[in-house]
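Got a structure for you, questions after.
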Amino acid sequence: MPELPEVETTCRGIAPHIVKRRVVAMIIRESRLRWPIAAEVEDRLIGARFLGVRRRAKYILMDTDQGTLMVHLGMSGSLRIMSADAPALFHDHVDIVLDDHHCLRYHDPRRFGSMHWLKEMSHPLLDSLGPEPLAESFSGAYLYERSRRRRASVKQFIMDGKVVVGVGNIYANEALFLSGIHPKRASGRVSVARYEALVAAIKEVLAKAIAQGGTTLRDFVGGDGQPGYFAQQLRVYGRQGKPCRVCQTTLKEIRQGGRSTVYCPACQR
DNA sequence: ATGACAACCTGTGGGC
DNA sequence: TGCCCACAGGTTGTCA
(Lines give C-alpha, C1' and ligand atoms only; values in the text may rest on other atoms or scores of the structure.)
Protein backbone atom coordinates (compact mmCIF):
# COMPACT_ATOMS: atom_id res chain seq x y z
CA MET A 1 0.00 0.00 0.00
CA PRO A 2 2.68 2.40 0.86
CA GLU A 3 4.08 4.96 -1.47
CA LEU A 4 6.37 7.71 -0.27
CA PRO A 5 3.70 9.74 1.57
CA GLU A 6 2.54 6.65 3.43
CA VAL A 7 6.12 5.77 4.38
CA GLU A 8 6.74 9.34 5.54
CA THR A 9 3.51 9.23 7.55
CA THR A 10 4.69 6.02 9.17
CA CYS A 11 8.07 7.56 10.07
CA ARG A 12 6.42 10.57 11.67
CA GLY A 13 3.92 8.40 13.48
CA ILE A 14 6.40 6.02 15.08
CA ALA A 15 9.30 8.41 15.79
CA PRO A 16 7.89 10.02 18.98
CA HIS A 17 7.18 6.57 20.41
CA ILE A 18 10.51 4.87 19.73
CA VAL A 19 13.14 7.59 20.04
CA LYS A 20 15.03 7.26 23.35
CA ARG A 21 13.47 3.84 23.94
CA ARG A 22 15.64 0.76 24.34
CA VAL A 23 14.84 -2.55 22.65
CA VAL A 24 14.33 -5.32 25.19
CA ALA A 25 13.22 -8.11 22.84
CA MET A 26 12.47 -8.96 19.24
CA ILE A 27 9.77 -11.48 18.40
CA ILE A 28 10.02 -12.85 14.88
CA ARG A 29 6.99 -14.98 14.08
CA GLU A 30 7.74 -15.14 10.36
CA SER A 31 11.21 -14.30 9.05
CA ARG A 32 10.46 -15.05 5.39
CA LEU A 33 9.97 -11.57 3.98
CA ARG A 34 11.27 -10.51 0.58
CA TRP A 35 14.61 -11.63 1.95
CA PRO A 36 14.85 -13.69 5.13
CA ILE A 37 15.48 -11.51 8.18
CA ALA A 38 19.15 -12.13 9.03
CA ALA A 39 20.01 -13.28 12.56
CA GLU A 40 22.26 -10.22 12.75
CA VAL A 41 19.23 -7.94 12.87
CA GLU A 42 17.98 -9.43 16.12
CA ASP A 43 21.48 -9.79 17.56
CA ARG A 44 22.31 -6.15 17.06
CA LEU A 45 18.91 -4.64 17.77
CA ILE A 46 18.36 -6.13 21.21
CA GLY A 47 19.75 -3.74 23.78
CA ALA A 48 20.08 -0.91 21.27
CA ARG A 49 18.55 2.50 21.93
CA PHE A 50 16.69 4.37 19.18
CA LEU A 51 18.10 7.80 18.39
CA GLY A 52 15.99 8.92 15.43
CA VAL A 53 13.90 7.92 12.40
CA ARG A 54 14.70 8.90 8.84
CA ARG A 55 13.48 7.96 5.38
CA ARG A 56 15.41 7.30 2.17
CA ALA A 57 13.19 6.54 -0.81
CA LYS A 58 10.60 4.15 0.66
CA TYR A 59 13.03 2.75 3.20
CA ILE A 60 12.49 3.59 6.86
CA LEU A 61 15.82 4.07 8.64
CA MET A 62 15.69 3.73 12.40
CA ASP A 63 19.01 4.88 13.85
CA THR A 64 20.20 3.38 17.11
CA ASP A 65 23.37 3.67 19.17
CA GLN A 66 24.45 0.34 17.63
CA GLY A 67 23.67 0.89 13.96
CA THR A 68 20.59 1.37 11.82
CA LEU A 69 17.53 -0.80 11.27
CA MET A 70 16.26 -0.47 7.69
CA VAL A 71 12.66 -1.49 6.98
CA HIS A 72 10.76 -1.54 3.70
CA LEU A 73 6.97 -1.96 3.73
CA GLY A 74 6.70 -3.51 0.27
CA MET A 75 3.16 -3.51 -1.12
CA SER A 76 1.19 -4.39 1.98
CA GLY A 77 3.35 -3.66 5.03
CA SER A 78 2.66 -1.42 7.99
CA LEU A 79 4.42 -0.52 11.24
CA ARG A 80 2.38 0.40 14.28
CA ILE A 81 2.96 1.17 17.91
CA MET A 82 1.00 -1.23 20.09
CA SER A 83 0.76 -2.29 23.68
CA ALA A 84 3.37 -5.06 24.06
CA ASP A 85 0.74 -7.48 25.26
CA ALA A 86 -1.77 -6.83 22.48
CA PRO A 87 -2.49 -10.22 20.91
CA ALA A 88 -0.74 -10.75 17.59
CA LEU A 89 -3.05 -11.14 14.61
CA PHE A 90 -2.53 -13.06 11.38
CA HIS A 91 0.43 -11.60 9.41
CA ASP A 92 1.83 -9.72 12.42
CA HIS A 93 5.30 -11.01 11.58
CA VAL A 94 7.61 -9.05 13.89
CA ASP A 95 7.42 -7.24 17.22
CA ILE A 96 10.23 -4.99 18.42
CA VAL A 97 9.55 -4.80 22.12
CA LEU A 98 10.48 -1.53 23.83
CA ASP A 99 11.36 -0.77 27.43
CA ASP A 100 8.04 0.99 28.09
CA HIS A 101 5.71 -2.00 27.61
CA HIS A 102 4.95 -1.01 24.03
CA CYS A 103 6.16 -2.60 20.84
CA LEU A 104 6.69 -1.64 17.23
CA ARG A 105 4.70 -4.24 15.29
CA TYR A 106 5.33 -5.13 11.64
CA HIS A 107 2.33 -6.46 9.71
CA ASP A 108 2.63 -7.54 6.08
CA PRO A 109 0.24 -10.00 4.39
CA ARG A 110 2.14 -10.25 1.13
CA ARG A 111 5.62 -10.29 2.69
CA PHE A 112 7.17 -8.13 -0.03
CA GLY A 113 8.75 -5.95 2.67
CA SER A 114 12.19 -6.35 4.21
CA MET A 115 14.37 -5.75 7.27
CA HIS A 116 18.11 -5.19 7.16
CA TRP A 117 20.80 -4.03 9.55
CA LEU A 118 23.05 -1.23 8.34
CA LYS A 119 26.50 -0.85 9.82
CA GLU A 120 27.57 2.00 7.62
CA MET A 121 25.29 4.47 5.87
CA SER A 122 25.71 2.49 2.67
CA HIS A 123 23.91 -0.62 1.51
CA PRO A 124 23.56 -2.20 -1.95
CA LEU A 125 19.82 -1.49 -1.88
CA LEU A 126 20.47 2.22 -1.32
CA ASP A 127 23.50 2.71 -3.51
CA SER A 128 21.93 3.23 -6.92
CA LEU A 129 18.85 5.19 -5.89
CA GLY A 130 17.99 8.45 -7.63
CA PRO A 131 17.36 11.76 -5.84
CA GLU A 132 14.54 12.39 -3.40
CA PRO A 133 11.55 13.95 -5.21
CA LEU A 134 11.17 16.67 -2.58
CA ALA A 135 14.85 17.65 -2.74
CA GLU A 136 15.94 20.89 -4.41
CA SER A 137 18.17 18.96 -6.77
CA PHE A 138 15.18 17.19 -8.31
CA SER A 139 14.28 19.58 -11.12
CA GLY A 140 12.83 19.72 -14.60
CA ALA A 141 16.32 20.26 -15.98
CA TYR A 142 17.47 17.07 -14.25
CA LEU A 143 14.63 14.95 -15.69
CA TYR A 144 15.15 16.48 -19.11
CA GLU A 145 18.83 15.64 -19.09
CA ARG A 146 18.32 12.09 -17.78
CA SER A 147 15.64 11.32 -20.36
CA ARG A 148 17.45 12.25 -23.57
CA ARG A 149 17.48 9.41 -26.07
CA ARG A 150 15.34 7.26 -23.80
CA ARG A 151 12.42 5.52 -25.40
CA ALA A 152 10.55 4.40 -22.30
CA SER A 153 7.24 6.12 -21.64
CA VAL A 154 7.33 9.14 -19.37
CA LYS A 155 5.28 7.29 -16.77
CA GLN A 156 7.67 4.36 -16.57
CA PHE A 157 10.58 6.81 -16.57
CA ILE A 158 9.40 8.69 -13.47
CA MET A 159 8.60 5.41 -11.71
CA ASP A 160 12.20 4.23 -12.19
CA GLY A 161 13.92 4.46 -8.81
CA LYS A 162 17.27 5.07 -10.45
CA VAL A 163 15.82 8.27 -11.95
CA VAL A 164 13.88 9.52 -8.93
CA VAL A 165 12.69 7.62 -5.88
CA GLY A 166 9.31 7.54 -4.24
CA VAL A 167 7.02 8.09 -7.22
CA GLY A 168 4.74 5.06 -7.14
CA ASN A 169 1.75 4.19 -9.26
CA ILE A 170 -0.84 6.40 -7.57
CA TYR A 171 1.20 9.57 -7.56
CA ALA A 172 2.72 8.99 -11.01
CA ASN A 173 -0.83 8.91 -12.41
CA GLU A 174 -1.80 11.99 -10.45
CA ALA A 175 1.29 14.03 -11.33
CA LEU A 176 0.96 13.29 -15.05
CA PHE A 177 -2.65 14.42 -14.96
CA LEU A 178 -1.80 17.60 -13.05
CA SER A 179 0.91 18.48 -15.56
CA GLY A 180 -1.18 17.58 -18.61
CA ILE A 181 1.27 15.00 -19.98
CA HIS A 182 0.09 11.84 -21.74
CA PRO A 183 1.47 8.84 -19.82
CA LYS A 184 2.53 7.02 -22.99
CA ARG A 185 4.59 9.90 -24.37
CA ALA A 186 8.22 8.89 -24.87
CA SER A 187 10.29 10.33 -22.02
CA GLY A 188 12.94 11.44 -24.52
CA ARG A 189 10.37 13.59 -26.29
CA VAL A 190 9.17 15.71 -23.40
CA SER A 191 10.34 19.33 -23.38
CA VAL A 192 12.23 20.87 -20.49
CA ALA A 193 9.28 23.19 -19.85
CA ARG A 194 6.91 20.25 -19.52
CA TYR A 195 9.36 18.46 -17.24
CA GLU A 196 9.39 21.57 -15.05
CA ALA A 197 5.60 21.30 -14.83
CA LEU A 198 5.81 17.59 -14.10
CA VAL A 199 8.35 18.07 -11.31
CA ALA A 200 6.19 20.80 -9.78
CA ALA A 201 3.22 18.43 -9.92
CA ILE A 202 5.16 15.56 -8.34
CA LYS A 203 6.34 17.77 -5.48
CA GLU A 204 2.87 19.22 -4.99
CA VAL A 205 1.00 15.92 -4.98
CA LEU A 206 3.50 14.24 -2.66
CA ALA A 207 3.57 17.17 -0.23
CA LYS A 208 -0.22 17.37 -0.13
CA ALA A 209 -0.55 13.62 0.40
CA ILE A 210 1.95 13.76 3.26
CA ALA A 211 -0.02 16.64 4.80
CA GLN A 212 -3.15 14.46 4.63
CA GLY A 213 -1.48 11.47 6.25
CA GLY A 214 -1.14 9.51 3.01
CA THR A 215 -3.68 7.69 0.86
CA THR A 216 -5.68 4.87 2.40
CA LEU A 217 -7.20 2.79 -0.38
CA ARG A 218 -7.91 -0.40 1.43
CA ASP A 219 -6.15 -0.75 4.72
CA PHE A 220 -3.16 1.57 5.04
CA VAL A 221 -2.69 2.88 8.57
CA GLY A 222 0.01 5.21 9.87
CA GLY A 223 2.22 4.51 12.87
CA ASP A 224 -0.58 5.37 15.25
CA GLY A 225 -3.19 3.32 13.42
CA GLN A 226 -4.93 6.24 11.70
CA PRO A 227 -5.89 6.01 7.99
CA GLY A 228 -4.74 8.60 5.43
CA TYR A 229 -7.17 11.04 3.91
CA PHE A 230 -5.69 11.80 0.51
CA ALA A 231 -7.84 9.27 -1.37
CA GLN A 232 -10.72 11.73 -1.65
CA GLN A 233 -8.47 14.12 -3.59
CA LEU A 234 -7.34 11.69 -6.25
CA ARG A 235 -7.99 13.11 -9.72
CA VAL A 236 -7.47 10.02 -11.86
CA TYR A 237 -6.15 7.00 -9.93
CA GLY A 238 -8.97 4.47 -9.54
CA ARG A 239 -11.40 6.70 -11.47
CA GLN A 240 -11.32 4.94 -14.86
CA GLY A 241 -14.68 5.25 -16.64
CA LYS A 242 -15.63 8.27 -14.55
CA PRO A 243 -15.70 11.87 -15.84
CA CYS A 244 -12.56 14.02 -15.71
CA ARG A 245 -12.90 16.52 -12.88
CA VAL A 246 -11.75 19.29 -15.24
CA CYS A 247 -13.42 18.60 -18.63
CA GLN A 248 -15.89 15.73 -17.98
CA THR A 249 -14.27 13.50 -20.62
CA THR A 250 -14.42 9.83 -19.61
CA LEU A 251 -11.13 8.80 -17.99
CA LYS A 252 -9.34 5.99 -19.81
CA GLU A 253 -7.43 3.08 -18.35
CA ILE A 254 -4.45 1.40 -19.99
CA ARG A 255 -1.70 -0.92 -18.81
CA GLN A 256 1.97 0.08 -18.73
CA GLY A 257 4.66 -2.28 -17.49
CA GLY A 258 1.98 -4.38 -15.85
CA ARG A 259 0.64 -1.43 -13.85
CA SER A 260 -2.64 0.33 -14.40
CA THR A 261 -2.56 3.84 -15.80
CA VAL A 262 -5.58 6.14 -15.72
CA TYR A 263 -5.60 9.40 -17.62
CA CYS A 264 -7.78 11.97 -19.35
CA PRO A 265 -7.48 11.65 -23.13
CA ALA A 266 -8.48 15.31 -23.54
CA CYS A 267 -6.39 17.00 -20.82
CA GLN A 268 -3.24 14.91 -21.28
CA ARG A 269 -1.22 15.16 -24.48
C1' DA B 1 22.78 0.99 -20.93
C1' DT B 2 17.99 0.18 -21.71
C1' DG B 3 13.82 -2.12 -21.69
C1' DA B 4 10.52 -5.94 -21.23
C1' DC B 5 8.96 -9.18 -18.12
C1' DA B 6 8.74 -12.78 -14.51
C1' DA B 7 9.12 -13.38 -9.82
C1' DC B 8 8.16 -12.89 -4.88
C1' DC B 9 3.00 -13.66 -1.82
C1' DT B 10 -1.74 -13.18 -0.04
C1' DG B 11 -6.28 -11.17 -0.30
C1' DT B 12 -10.12 -9.43 -2.75
C1' DG B 13 -13.40 -8.28 -6.20
C1' DG B 14 -15.51 -8.99 -10.60
C1' DG B 15 -17.32 -11.96 -13.98
C1' DC B 16 -19.51 -16.07 -15.03
C1' DT C 1 -23.89 -18.72 -3.84
C1' DG C 2 -19.50 -20.14 -5.31
C1' DC C 3 -15.37 -20.65 -8.21
C1' DC C 4 -11.56 -18.90 -10.86
C1' DC C 5 -8.86 -15.43 -12.69
C1' DA C 6 -6.94 -10.98 -12.74
C1' DC C 7 -5.15 -7.57 -10.25
C1' DA C 8 -3.40 -4.77 -5.99
C1' DG C 9 0.23 0.71 -3.06
C1' DG C 10 7.01 -2.34 -4.93
C1' DT C 11 11.30 -3.79 -6.32
C1' DT C 12 14.80 -6.99 -7.96
C1' DG C 13 16.82 -10.08 -11.04
C1' DT C 14 17.26 -12.05 -15.59
C1' DC C 15 17.45 -12.02 -20.33
C1' DA C 16 17.21 -10.00 -24.98
Side-chain angles (χ1 to χ4, degrees), chain A residues 1-11 29-37 55-60 70-79 89-94 106-116 123-130 133 145-175 183-189 202 205-206 209-210 212-222 227-234 236-241 253-262:
Chain A
M1 345 208 124
E3 289 197 33
L4 185 143
E6 293 73 50
V7 176
E8 181 65 29
T9 296
T10 298
C11 288
R29 301 181 192 84
E30 175 57 85
S31 62
R32 295 174 303 168
L33 305 186
R34 167 130 202 207
W35 295 280
I37 302 173
R55 178 188 61 70
R56 172 70 176 114
K58 292 170 192 163
Y59 291 97
I60 298 167
M70 177 170 80
V71 174
H72 198 290
L73 301 177
M75 288 277 261
S76 59
S78 61
L79 276 174
L89 304 179
F90 197 34
H91 299 314
D92 282 347
H93 303 313
V94 178
Y106 177 78
H107 175 90
D108 185 5
R110 290 178 75 180
R111 291 190 278 123
F112 284 178
S114 63
M115 284 193 195
H116 288 92
H123 187 281
L125 292 169
L126 301 176
D127 286 346
S128 57
L129 294 177
E145 189 233 316
R146 285 292 305 263
S147 61
R148 289 312 89 183
R149 268 170 276 107
R150 286 188 67 156
R151 307 168 75 158
S153 70
V154 61
K155 186 188 179 220
Q156 296 194 261
F157 178 65
I158 60 169
M159 289 183 70
D160 180 349
K162 292 189 284 300
V163 173
V164 58
V165 301
V167 182
N169 200 34
I170 298 177
Y171 302 110
N173 277 294
E174 295 298 305
K184 282 180 75 174
R185 177 172 289 275
S187 51
R189 301 202 174 175
I202 289 170
V205 75
L206 291 178
I210 290 169
Q212 299 273 308
T215 299
T216 294
L217 293 180
R218 176 164 291 170
D219 55 1
F220 169 77
V221 288
Y229 295 97
F230 192 72
Q232 52 213 62
Q233 298 184 37
L234 296 175
V236 289
Y237 184 85
R239 298 194 65 246
Q240 59 274 22
E253 179 177 34
I254 57 173
R255 205 141 263 289
Q256 292 181 280
R259 318 295 299 274
S260 117
T261 298
V262 185

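The figures here come from the full heavy-atom set of this structure, side chains too, leaving out hydrogens, waters and symmetry mates. Lettering of chains follows the sequences in order, A, B, ..., and the numbering in each one begins at 1.
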Please determine whether a side-chain nitrogen or oxygen atom of A:His91 lies at a distance below 4.0 Å from atom OP1 or OP2 of B:dG11. yes
Rounded to whole angstrom units, what separation is found between the CD atom of A:Gln256 and the C1' atom of C:dC7? 16 Å
Relative to each other, are the rings of A:Tyr106 and A:His93 parallel, tilted or perpendicular (30° and 60° limits)? tilted
Starting at CG of A:Asp92 and ending at P of B:dT10, how long is that distance when rounded to a whole Å? 15 Å
Checking the side chain of A:Glu174 only, and the main-chain atoms of A:Val205 only, is there a donor and an acceptor separated by less than 3.5 Å? no
CD on A:Glu3 to CE on A:Met159, rounded to 0.5 Å: 7.0 Å
May I ask you to decide if A:Ala57's main-chain N or O and A:Arg55's side chain share a donor-acceptor pair within less than 3.5 Å? yes
Mind listing the N/O atom pairs, protein and nucleotides 12-16 of chain C, below 3.5 Å?
unit_1 : atom_1 : unit_2  : atom_2 : d
C:dT12 : OP1    : A:Tyr59 : OH     : 3.4
C:dT12 : O4'    : A:Arg34 : NH1    : 3.4
C:dT12 : O4'    : A:Arg34 : NH2    : 2.5

So if I take every side-chain heavy atom of A:Arg255 and compare against B:dG3, C:dC7, B:dC9, which nucleotide ends up nearest? C:dC7
Over how many whole Å does the gap from A:Asp108 atom CG to B:dC8 atom C1' extend? 11 Å
C:dC7 and B:dC5, which share atom name P, separated by this distance in whole Å: 14 Å
Checking all strands, does A:Ser114 fall into the base, sugar-phosphate, or nothing category for heavy-atom contacts under 4.0 angstrom? nothing
Output the distance between atom CG (A:Leu129) and atom NZ (A:Lys58), rounded to the nearest 0.5 Å. 10.5 Å
Are A:Arg150 and B:dG3 close enough that a side-chain N or O sits under 4.0 Å from OP1 or OP2? yes
Whether A:Asn173 side chain and A:Val236 backbone form a donor-acceptor pair below 3.5 Å: no
Check whether more than 12 heavy atoms from other residues, nucleotides or ligands sit under 6.0 Å from atom CZ of A:Arg32, and answer yes or no. no
Please list, in numerical order, the residues of residues 154-162 of chain A that have a heavy atom closer than 4.0 Å to any atom of DNA chain C. none
Taking atom CE of A:Met70 and atom CD1 of A:Ile60, what is their separation to the nearest 0.5 Å? 11.0 Å
For A:Phe112 and B:dC8, do the ring centres fall under 5.5 Å apart while the planes stay under 30° apart? yes
Let me know the distance between OH of A:Tyr237 and P of C:dC7, rounded to the nearest Å. 13 Å
Ion pair present between A:Asp160 and A:Arg150, side-chain N to carboxylate O less than 4.0 angstrom? yes
Interatomic distance at P, C:dG9 relative to B:dG14, whole Å: 15 Å
For the pair made of CZ in A:Arg111 and P in B:dT10, what is the distance, rounded to whole Å? 5 Å
Phosphate contact (C:dT11 OP1 or OP2) by A:His72 side-chain N/O below 4.0 Å: yes
I'd like to know if the side chain of A:Ser76 reaches the main chain of A:Arg110, judged simply by a donor and an acceptor atom lying under 3.5 Å from each other, with no hydrogens or angles considered. yes
Counting distance only, does the side-chain N/O of A:Ser31 pair as donor-acceptor with the main-chain N or O of A:Pro36 below 3.5 Å? no
Which of the following nucleotides, C:dG10, C:dA8, B:dG3, is nearest to the side chain of A:Arg110? C:dA8
Examine C:dG9: is either OP1 or OP2 under 4.0 Å from a nitrogen or oxygen in the side chain of A:Ser76? Give yes or no. no
A:Phe90 atom CZ is separated from B:dT12 atom P, nearest whole Å, by 11 Å
Starting at CZ of A:Arg146 and ending at P of B:dA1, how long is that distance when rounded to a whole Å? 11 Å
Sticking with atom C1', work out how far C:dA6 lies from B:dA6, rounded to a whole angstrom. 16 Å
A:Lys184 has an atom NZ; how far is it from atom P of B:dA4, in whole Å? 12 Å
A correct dot-bracket answer for DNA chain B, with pairs being Watson-Crick or G-U at under 3.5 Å, [ ] for crossing pairs and | for inter-strand pairs, is .|||||||.|||||||
Considering only heavy side-chain atoms of A:Arg259, the closest of B:dG3, C:dG10, C:dA8 is C:dG10
Below 30° counts as parallel, above 60° as perpendicular, anything between as tilted: where do the rings of A:His107 and A:His91 land? perpendicular
I'd like to know if the side chain of A:Arg29 and the backbone of A:Asp92 have a donor-acceptor N/O pair within less than 3.5 Å. yes
